[in-house]
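In what follows, a structure is listed as structure tokens, so that the remarks can point back to it.
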Amino acid sequence: MRQSTRGLRLNPAWIRAPRVNLDLEVRSKTIGTNTDYKLYTADVSRSGILLVWERESRVPFIVNTLLEMTIDPDGSCLGKPVSCLGKVVRREPTGTAGGHGTRLGVQIVQIEHGDQHAWDGCLSELEKRYGIEPESKTVA
């Protein structure tokens, strides 16, 4: 069972765009491999996503790893799976799941137009819901 990541503090220097809590499944793998890992978002922003891995085993992604990601693979929240490439920009242990829990800050570096439309629509809806001003939309 996954534990909540709410209440964890982030270094303000890491924040490039306003973050919104959102719990989505993300299937991730390194480019050229067949093994994918099921992670979950803790929060999302225009500049990227914070992923959480809370399992007995270690996640093999390190800083600067390029990931093939499918956000919301069932399309249950976004209306369709969103495929993109991301780069791990931060990795830190959470101390959960027998010491193997990890949070990964991932910057989205490439996303196709149709998927970008679905992702932007989701973020725009969240920004409206949480009162985030349109001028704060920045891309890192």
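We count residues from 1, following the sequence as given.
Rounding to the nearest 0.5 Å places CG of Asp23 at 9.5 Å from SG of Cys77. One distance of note links NZ of Lys38 with OG of Ser28; it measures 12.5 Å at 0.5 Å rounding.
Looking only at distances, a side-chain donor or acceptor of Ser45 sits under 3.5 Å from a matching main-chain atom of Ser47. Proximity of a side-chain donor or acceptor of Asp115 to a complementary backbone N or O of Ser83 within less than 3.5 Å is detected.
Considering every non-hydrogen atom in both Leu50 and Arg90, the closest pair reads CD1-NH2, 3.3 Å. Nearest heavy-atom pair across Tyr130 and Asn21 is OH-O, 4.3 Å. Nearest heavy-atom pair, Cys84 versus Ile71, reported as atom, atom and distance to 0.1 Å: SG-CD1, 3.9 Å.
Hydrophobic clustering (side-chain heavy atoms under 4.5 Å, transitive across Ile, Leu, Val, Met, Phe, Trp, Tyr) groups Tyr37 together with Val88. One hydrophobic cluster holds both Leu78 and Val26 under the rule that ILVMFWY side chains link at heavy-atom gaps under 4.5 Å. In terms of hydrophobic clustering, with Ile, Leu, Val, Met, Phe, Trp and Tyr side chains grouped at heavy-atom distances under 4.5 Å, Leu85 and Trp119 are assigned to different clusters. Cluster annotation: Val20 is connected to Leu39 through the hydrophobic network of ILVMFWY side chains, with a link wherever side-chain heavy atoms come within less than 4.5 Å.
Partners of Glu125 according to the salt bridge (charged side-chain N to carboxylate O under 4.0 Å, His left out) rule, which considers only residues two or more places apart in sequence or in another chain, do not exist here. For Ser76, the side chain to side chain donor-acceptor pair (under 3.5 Å) criterion is met by Asp72, not counting sequence neighbours. Residues forming a side chain to side chain donor-acceptor pair (under 3.5 Å) with Asp120 (at least two apart in sequence, or on another chain): Arg46, Gln116. Residues forming a side chain to side chain donor-acceptor pair (under 3.5 Å) with Arg91 (at least two apart in sequence, or on another chain): none. By the side chain to side chain donor-acceptor pair (under 3.5 Å) test, Thr33 is found to be paired with Thr30, residues two or more places apart in sequence or in another chain being considered.
Two residues are said to be in side-chain contact when any heavy atoms from C-beta on lie closer than 4.5 Å; Leu123 and Val44 meet this criterion. Counting heavy atoms from C-beta outward, Pro81 and Thr70 have side chains that approach closer than 4.5 Å. Between Thr102 and Leu104 the shortest side-chain heavy-atom distance falls below 4.5 Å.
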Between side-chain atoms of residues 60-69 and protein atoms elsewhere (two or more places apart, or another chain), which donor-acceptor pairs fall under 3.5 Å?
from	atom 1	to	atom 2	distance (Å)
Thr65	OG1	Ile62	N	3.0
Thr65	OG1	Ile62	O	2.7

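By the 4.0 Å N-to-carboxylate-O rule, Arg129 lies too far from Glu127 to be salt-bridged with it.
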